[in-house]
Amino acid sequence: MVRVRIEDLEEYAKKYNIPIMLPDGIAYLTDYIKKNQVKTILEIGSAIGYSAIKMALVDPKIHVTTIERDQERYKLACQNIREFGVEQQITILYADAFDVELAEQYDLIFIDAAKSQYIKFFEKFKKNLKEEGTIISDNLEFHGLVHTKEKIESRNVRQLVRKINAYITFLEENKEFTTTFLPIGDGIGISRKKSQD
Ligand code: SAM
């Protein structure tokens, strides 16, 4: 029987240029889940299922709902989830996250999808967060480009950097949430609801 290893997913992602979480980013995330006894997770952006599988493997009581809009990646993620035997713990939805309506509330919402849409993801899914829950956003440094002083040649990249900076400002000035920014992996934001009193 051929068994897939986590390293195989990392190698596959590297070979086919699929952006998955960086090693220290995923280590921080799984540690956060463990320390804070997170049990229900909503992930926006599954890719091939790497981070969903890593999060599910933290504890058999964890359930992850993850959304992916790319059909090929969705299929690969389904296959990988089966290979790791975590299909009872992961619900994967093949859809654009903006078309998905969820009634459930989660301990953790992990935003790791189209960087240009982060404000919209945050606004759409914050209602699905439990009162004491956390929203974690990845890629806030965008390979170091967010802080670079050098001129970025590509117009697309410049636009993305502008969008990420707009998201950072949105988080910094947010009246409902307080965000801690950590220079881990590709830059992570940890947002928690401000206390009501
Ligand atoms: N979380 C994954 C991991 O670390 O293993 C990596 C996710 S990858 C950075 C981002 C994924 O989000 C891509 O596969 C992309 O197709 C998906 N995506 C982007 N925008 C989306 C949307 N609006 N709805 C659903 N999926 C989306």
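Just so you know, ligand 1 is whichever comes first in the structure, and atom 1 is the first atom listed for that ligand.
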Practice item. Please state whether G49 comes within less than 4.0 angstrom of ligand 1, counting heavy atoms only. Key: no
Practice item. For I20, counting its heavy atoms only, list the atoms of ligand 1 lying under 4.0 Å from any of them. Key: 3 (C), 4 (O), 5 (O)
Point to revise | Exam field: side chain D186 to backbone E141, donor-acceptor pair closer than 3.5 Å | key: no
Check your understanding: When you measure from atom 12 (O) of ligand 1 to every protein heavy atom, which one gives the shortest distance, and what is it?
Key -> G45 CA, 3.3 Å
Practice item. Compare N139, D112, L9 and give the one whose heavy atom is closest to atom 1 (N) of ligand 1. Key: D112
Exercise for review: Could you tell me whether ligand 1 has any atom less than 4.0 Å away from a heavy atom of K54?
Suggested key: no
Check your understanding: Would F122 and F177 count as a close aromatic pair, with their ring centres under 6.0 Å?
Key -> yes
Exercise for review: Just let me know how A95 lines up against ligand 1, side chain, backbone, both or neither, with a heavy-atom cut-off below 4.0 Å.
Suggested key: backbone
Exercise for review: Nearest 0.5 Å please: distance from the CZ atom of F110 over to the CD1 atom of I44.
Suggested key: 10.0 Å
Review point. Which of the atoms of ligand 1 are close to D96, meaning less than 4.0 Å from one of its heavy atoms?
Key: 22 (C), 23 (N), 24 (N)
Exercise for review: Please report which non-hydrogen protein atom sits nearest to atom 5 (O) of ligand 1, along with the residue it belongs to and the distance in Å to one decimal place.
Suggested key: S51 N, 3.0 Å
Review point. Any N/O of A97 closer than 3.5 Å to an N/O of ligand 1?
Key: yes
Practice item. May I ask you to check whether F125 and F121 place their ring centers less than 6.0 Å from one another? Key: no
Exercise for review: Give yes if a backbone or side-chain nitrogen or oxygen of F98 is under 3.5 Å from a nitrogen or oxygen of ligand 1, and no if not.
Suggested key: no
**Study point:** Closest protein heavy atom to atom 9 (C) of ligand 1, given as residue, atom name and distance to 0.1 Å
**Key:** P19 O, 3.1 Å
Point to revise | Note: K127-E101 ion pair, threshold 4.0 Å (strictly below) | key: yes
Practice item. For the pair F170 and Y167, name the ring-plane relationship: parallel under 30°, tilted 30 to 60°, perpendicular over 60°. Key: parallel
Review point. Counting from 1, what ligand 1 atoms have a heavy atom of E43 closer than 4.0 Å?
Key: 1 (N)
Review point. What is the closest protein heavy atom to atom 15 (C) of ligand 1, and at what distance does it sit?
Key: E68 OE2, 3.5 Å
Practice item. If you have a sec, work out which protein heavy atom is nearest atom 22 (C) of ligand 1 and how many Å separate them, to one decimal? Key: R69 CD, 3.7 Å
Exercise for review: Kindly say whether K193 contributes a backbone atom to a donor-acceptor pair with the side chain of K126 at under 3.5 angstrom?
Suggested key: no
Point to revise | Numbered atoms and elements of ligand 1 in range of F121, under 4.0 angstrom, heavy atoms | key: 23 (N)
Point to revise | Heavy-atom nearest option to atom 13 (C) of ligand 1, drawn from Q117, E10, R73 | key: R73
Exercise for review: Sorted by first residue and then second, give each salt bridge (Lys or Arg N to Asp or Glu O under 4.0 Å) pair with at least one member in residues 31-51; sequence neighbours left out.
Suggested key: D31-K35
Check your understanding: Can you list the ligand 1 atoms lying under 4.0 Å from a non-hydrogen atom of M21?
Key -> 3 (C), 4 (O)
Check your understanding: Quick check: does any side chain N or O of S46 sit under 3.5 Å from a backbone N or O of I67, one acting as donor and the other as acceptor?
Key -> yes
Exercise for review: Distance to 0.1 Å, residue and atom name: give those for the protein heavy atom nearest to atom 18 (N) of ligand 1.
Suggested key: A113 CB, 3.7 Å
Exercise for review: Quick one: closest heavy-atom pair of G49 and A77, and the distance?
Suggested key: N-CB, 3.7 Å
Check your understanding: Does the side chain of L108 come within less than 4.5 Å of L29's, by heavy atoms?
Key -> yes
Review point. What residue and atom, counting heavy atoms only, is the protein's closest point to atom 19 (C) of ligand 1, and at what distance?
Key: A114 N, 3.3 Å
Review point. Checking side chain to side chain contact (heavy atoms under 4.5 Å, CB included) against Y94, which of Q71, R69, K75, R73 comes through?
Key: Q71
Check your understanding: Applying a 4.0 Å heavy-atom criterion (strictly less than), which segment of S46 is in contact with ligand 1: side chain, backbone, both, or neither?
Key -> backbone
